[in-house]
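In what follows, a single structure is set out as structure tokens and then discussed.
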Amino acid sequence: MTPLQPNNPLHGKTLESILTELVEYYGWTRLGQRITIRCFTDNPSIKSSLTFLRKTPWARQKVEELYLSLKTK
């Protein structure tokens with residue numbers, strides 16, 4: 001059973017849903033400008049980006065931070 005995390009704004013959000021919302025809001029080009037990683041700039045796709053982000057904690061952190069900044073606007 002997952003403990004409740006009322007103070008965690010990412011609780012219940014999957015990485016895929018976060019990435020999908022960012023792509024819908026920014027588009028791949030603007031997302032790649034904001035977070036310069038090749039999976040966003042060279043032939044981007046949700047699947048390839050998820051694979052990279054799951055293996056790369058610093059990149060995932062940048063994506064989560066951008067998502068949180070978008071949600072607090």
Side-chain angles (χ1 to χ4, degrees):
M1 184 174 229
T2 306
L4 294 177
Q5 299 180 8
N7 296 325
N8 181 353
L10 297 176
H11 180 68
K13 283 287 194 181
T14 64
L15 183 57
E16 183 173 5
S17 68
I18 290 170
L19 183 58
T20 300
E21 281 189 52
L22 288 174
V23 170
E24 287 174 1
Y25 185 80
Y26 291 108
W28 287 112
T29 302
R30 285 181 50 216
L31 185 57
Q33 291 168 346
R34 291 185 163 271
I35 304 173
T36 309
I37 50 179
R38 199 178 311 154
C39 67
F40 292 167
T41 59
D42 295 342
N43 196 22
S45 72
I46 296 289
K47 184 178 178 183
S48 66
S49 297
L50 287 174
T51 300
F52 177 78
L53 293 171
R54 287 181 179 133
K55 294 179 185 176
T56 317
W58 65 265
R60 182 181 183 139
Q61 182 179 354
K62 287 185 176 285
V63 167
E64 290 173 348
E65 288 171 358
L66 180 59
Y67 177 79
L68 290 174
S69 73
L70 178 65
K71 290 302 176 182
T72 57
K73 282 185 177 180

Problem set entry | Minimum-distance pair of heavy atoms, taken over all atoms of Gly32 and Phe40 | CA-CB, 3.8 Å
Problem set entry | Nearest non-hydrogen partners of Phe52 and Ala59, listed with the distance | CE2-CB, 3.6 Å
Under 3.5 Å, which donor-acceptor pairs link side chains of residues 15-23 to any protein atom two or more places apart or in another chain?
{"residue": "Ser17", "atom": "OG", "partner": "Thr14", "partner atom": "N", "Å": "3.2"}
{"residue": "Ser17", "atom": "OG", "partner": "Thr14", "partner atom": "O", "Å": "2.9"}
{"residue": "Ser17", "atom": "OG", "partner": "Thr14", "partner atom": "OG1", "Å": "3.2"}
{"residue": "Thr20", "atom": "OG1", "partner": "Glu16", "partner atom": "O", "Å": "2.7"}
{"residue": "Glu21", "atom": "OE1", "partner": "Lys71", "partner atom": "NZ", "Å": "2.9"}
{"residue": "Glu21", "atom": "OE2", "partner": "Lys13", "partner atom": "NZ", "Å": "2.7"}
{"residue": "Glu21", "atom": "OE2", "partner": "Tyr67", "partner atom": "OH", "Å": "3.4"}

For this session: Only pairs at least two apart or in different chains count here, so list each side-chain hydrogen bond (donor to acceptor under 3.5 Å, both in side chains) that has a residue in residues 34-49.
Result: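 Those involving residues 34-49 are Ser45-Ser48.
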Atom pair [atom1]/[atom2] of [X] and [Y] - distance to nearest 0.5 Å:
X: Tyr26; Y: Gln33; atom1: OH; atom2: CD; value: 11.5 Å
X: Ile35; Y: Trp58; atom1: CD1; atom2: CH2; value: 9.0 Å
X: Leu70; Y: Glu65; atom1: CG; atom2: CD; value: 13.5 Å

Problem set entry | Working for side chain to side chain contact (heavy atoms under 4.5 Å, CB included), residues Ile37 and Thr56 | CA-CA 11 Å; Ile37 50 179; Thr56 317; over 6 Å; no
